[in-house]
*Asks:* 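The structure under discussion is supplied below as structure tokens; questions concerning it will follow.
For this chain, numbers begin at 1 and follow the sequence in order. We count ligands from 1, going down the list as the structure has it; atoms in each ligand are counted the same way. Keep in mind it's a predicted model, so treat the numbers as computed, not measured.
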Amino acid sequence: MAKVVAGNWKMHHGPVATERFFSRFRPEVRDDSVRLVFFPPDLSLSTAIDSARTRADFGVQNIHWQAAGALTGEISAEMAKEAGAALVLIGHSERRHVFGETDAEVDRKVGAAVRAGLVPVVCVGEQLEERRAGRLDEVLRRQVGAFAGSLAGVAEFMVAYEPVWAIGTGETATPGDASEAHGIVRDALGALGRAPVLYGGSVKPGNAAALMSARDVDGVLVGGASLDPDVFARIAEAGAGAG
Ligand code: PGA
């Protein structure tokens, strides 16, 4: 299976920077044996879709679970789909830990994504204290267990394992750490089968190949290193080599 190399731009790259990104990224993509995915900010989604002119899928970084309503500042799965998104990140650690999103809310968002026909990319991951307390297994099973029921019979979804202590810190899980956690995620998914499980947390050109060659690692979700077209292209190349 082709490795997934996904960029989560977070709150970076407005429409102007998005166009500039793709004009530099496009000539760098030599190998189409990876599945490229971009999660730009909502305001840059249509610019990304129009200016990419490279084989890639696009998604949004968050949705509300309602289809419409008096919910200032929110967007729905239906709107994201209409605007050209194919995927949606759900339960990213910043949503969980900065904005207080709960397991129950993550599950409602997964249900909304499925109803609208978006591919959910659901993020899970333990905090440093939880890892130190030997609670990796328990935390991942609780997080996966909260939404797994909403994915029964769903043709396509992904899970991203992102240890909170590795996000934006320069600390990366070893390929062995990633394999162990991905094994737990797969086990917790049980009958849901072999959905791609991505690793995220300080992925860089220097560690991407080793991570993507590790057992049970089907790709990467890249934050900081996805913002620079040359750097992200090198990660995509690493994915092509590991696929
Ligand atoms: P990072 O972020 O690559 O900057 O650590 C990963 C993520 O939050 O998805």
*Asks:* Is a side-chain donor-acceptor pair under 3.5 Å present for E101 with H92?
*Replies:* no

*Asks:* Return the closest protein heavy atom for atom 3 (O) of ligand 1 as residue, atom name and distance.
*Replies:* G223 N, 2.9 Å

*Asks:* I'd like to know if K204 contacts ligand 1, where contact means a heavy-atom distance under 4.0 Å to any ligand atom.
*Replies:* no

*Asks:* Distance check, rounded to the nearest 0.5 Å: R142 atom CZ versus D137 atom CG?
*Replies:* 12.5 Å

*Asks:* Test: ring pair (Phe, Tyr, Trp, His ring centres under 6.0 Å). Region: residues 215-243. Which pairs qualify, not counting sequence neighbours?
*Replies:* F25-F232, F38-F232

*Asks:* Any nitrogen or oxygen of G201, main chain or side chain, under 3.5 Å from a nitrogen or oxygen of ligand 1?
*Replies:* no

*Asks:* Would you find more than 12 non-hydrogen atoms of other residues, nucleotides or ligands less than 6.0 Å from E130 atom CD?
*Replies:* yes

*Asks:* Which residue pairs satisfy the side chain to side chain donor-acceptor pair (under 3.5 Å) criterion with at least one member in residues 46-58, sequence neighbours excluded?
*Replies:* R35-D57

*Asks:* Quick one: does G200 get an N or O within less than 3.5 Å of an N or O on ligand 1?
*Replies:* no

*Asks:* May I ask whether S93 has any heavy atom positioned less than 4.0 angstrom from an atom of ligand 1?
*Replies:* no

*Asks:* Is A225 close enough to touch ligand 1? Criterion: a residue heavy atom under 4.0 Å from a ligand atom.
*Replies:* no

*Asks:* Does ligand 1 have a heavy atom under 4.0 Å from the side chain of N8, from its backbone, from both, or from neither?
*Replies:* side chain

*Asks:* Just jot down the ligand 1 atoms closer than 4.0 angstrom to any heavy atom of G168, in number order.
*Replies:* 1 (P), 4 (O), 5 (O)

*Asks:* Kindly confirm or rule out an N or O of T169 lying under 3.5 angstrom from an N or O of ligand 1.
*Replies:* no

